[in-house]
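Here the structure comes first, spelled out in structure tokens, and everything after it is commentary.
Only this structure's heavy atoms are used, side chains among them; waters, hydrogens and symmetry mates stay out. Start at 1 with the first residue, then count along the sequence. Fair warning: this is a prediction, and the values are worked out from it, not measured in the lab.
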Amino acid sequence: MKTLLGKKIGMTQIFTDAGEVIPVTVIEAGPVEVTQIKTVETDGYDAVQIGFEDAKPQRINKPLTGHFKKAGVAVKKHLAEFAPEDGESYELGQVLNVTAFEEGKKLDITGISKGKGTQGNIKRHGHHRGPMTHGSKHKRLAGALAAGTYPSRVFKGNAGPGRMGRETVTVQNVVLVKVIEERNLLLVKGAVPGKRGGLLRIRYAVKGQGK
């Protein structure tokens, strides 16, 4: 389960040799450095911890500074873990980059979706609006949410207005169209979650890889 951290650069399009247009998202993926190797004996489970993007030392607290110093790497802004197929093949300070992925393979990409703030039920859940004429006062309101006699209350989880977006979202089976090794770029087909500059977690697809 090779994993990289990266950031979303934006979207563009590329052309195949046959002239087909493919919309792609450009991701700056890595390089990341191995900052810790966890084992069942020391931590209770096997994992490889990686760090992405150098941070200013004055912004990192002393415990984390010591953690990075022990690994022999510069302080990092972002940390993540993944379960390795073979933890013994990794070393502290090892650099992982886009060469870990092959063109044509499918990826699972996780990011934080764009935050929309507080929104009404129509934008948030796609509800229909009320009548727009004849004195209607329910053009964009939620309408009745519960009966008056029973249950005499609104059930939890009812779709209604509230905070929208800024959630962890994973898109599965995204095709890796092109790898630009010298610039640490991955071009994947279609859109991925988040805003420009948002942090992304990239790994090989768990399902559908052989299809």
Side-chain angles (χ1 to χ4, degrees), residues 1-11 25-102 105-115 163 165-174 176 179-188 191-207 209:
M1 298 304 299
K2 295 177 181 177
T3 300
L4 285 183
L5 296 178
K7 59 182 178 180
K8 181 177 178 180
I9 303 299
M11 290 197 69
T25 299
V26 182
I27 302 172
E28 182 183 339
V32 300
E33 295 181 79
V34 176
T35 56
Q36 186 178 3
I37 298 174
K38 298 186 176 183
T39 63
V40 175
E41 291 77 17
T42 59
D43 301 277
Y45 64 101
D46 291 323
V48 173
Q49 185 188 81
I50 53 177
F52 172 64
E53 204 170 2
D54 291 346
K56 294 180 180 180
Q58 61 267 31
R59 292 183 176 270
I60 305 299
N61 59 28
K62 287 186 178 180
L64 267 181
T65 301
H67 178 70
F68 292 122
K69 186 177 181 179
K70 182 179 179 181
V73 302
V75 295
K76 301 296 181 181
K77 287 184 180 179
H78 310 287
L79 291 174
E81 291 183 3
F82 66 93
E85 296 174 352
D86 181 13
E88 296 180 356
S89 63
Y90 294 90
E91 299 177 357
L92 285 178
Q94 181 180 346
V95 177
L96 308 177
N97 54 32
V98 293
T99 56
F101 296 109
E102 299 178 26
K105 293 286 189 177
K106 294 179 180 179
L107 307 175
D108 289 344
I109 301 177
T110 303
I112 304 296
S113 63
K114 291 181 180 179
R163 192 191 73 176
R166 195 158 178 78
E167 297 175 333
T168 301
V169 178
T170 299
V171 289
Q172 297 179 330
N173 297 328
V174 181
L176 176 55
V179 177
I180 306 177
E181 182 180 346
E182 60 274 12
R183 298 178 62 186
N184 294 310
L185 296 179
L186 300 177
L187 274 58
V188 299
V192 300
K195 62 180 182 179
R196 291 189 186 97
L199 182 69
L200 298 173
R201 182 185 177 111
I202 308 121
R203 62 177 181 170
Y204 273 133
V206 177
K207 300 178 287 186
Q209 191 65 258

Using salt bridge (Lys or Arg N to Asp or Glu O under 4.0 Å) as the criterion, list what pairs up with D54, not counting sequence neighbours.
-> K76

CD1-NE2 distance between I60 and H67, expressed to the nearest 0.5 angstrom = 11.0 Å

side-chain hydrogen bond (donor to acceptor under 3.5 Å, both in side chains) involving T25 - partner list, sequence neighbours excluded | none

Side-chain contact, heavy-atom cut-off 4.5 Å: D108 with Y204?
-> no

May I ask you to test the T3-R201 pair for a side-chain heavy-atom distance under 4.5 Å?
-> yes

Does D43 have any side-chain hydrogen bond (donor to acceptor under 3.5 Å, both in side chains) partners at least two apart in sequence or in another chain, and if so, which?
-> none

Could you list the donor-acceptor pairs under 3.5 angstrom formed between side-chain atoms of residues 165-172 and any protein atom two or more places apart in sequence or on another chain?
{"residue": "T170", "atom": "OG1", "partner": "T110", "partner atom": "OG1", "Å": "2.8"}

Would you please name every residue forming a salt bridge (Lys or Arg N to Asp or Glu O under 4.0 Å) with K195, sequence neighbours left out?
-> none

Smallest heavy-atom separation, I50 atom then L4 atom, equals CD1-CA, 4.4 Å

Heavy-atom pair of closest approach, residues V95 and P31 | CG1-CB, 3.7 Å

Would a distance-only check, ignoring hydrogens and angles, find a side-chain to backbone donor-acceptor pair under 3.5 Å from N184 to E28?
-> no

Spatial distance of atom CZ (R196) from atom CD1 (I9) [nearest 0.5 Å] | 10.5 Å

Starting at CG of N173, measure out to NZ of K207 and round the result to the nearest 0.5 Å.
-> 7.5 Å

Listed by chain and number, what are the side-chain hydrogen bond (donor to acceptor under 3.5 Å, both in side chains) partners of T65, not counting sequence neighbours?
-> none

Have a look at L186 and tell me which of V179, L200, I180 forms a side-chain contact (heavy atoms from CB on, under 4.5 Å) with it.
-> V179

Close side-chain approach of L79 and F68, heavy atoms under 4.5 Å = yes

Heavy-atom pair with the smallest gap, counting every atom of G93 and E33 = O-OE1, 3.9 Å

Residues V48, V34; criterion side chain to side chain contact (heavy atoms under 4.5 Å, CB included); working and verdict = CA-CA 7 Å; V48 173; V34 176; 3.9 Å; yes

At their closest point, which heavy atom of G6 faces which heavy atom of I202, and how far apart are they?
-> N-CD1, 4.0 Å

Measure the spacing between OH of Y90 and CD of Q49 and express it to the nearest 0.5 Å.
-> 14.0 Å

L199 side, atom CG; L5 side, atom CG - distance, nearest 0.5 Å = 5.5 Å

When rounded to the nearest 0.5 angstrom, what is the spacing between CD in E81 and CD in Q36?
-> 7.0 Å

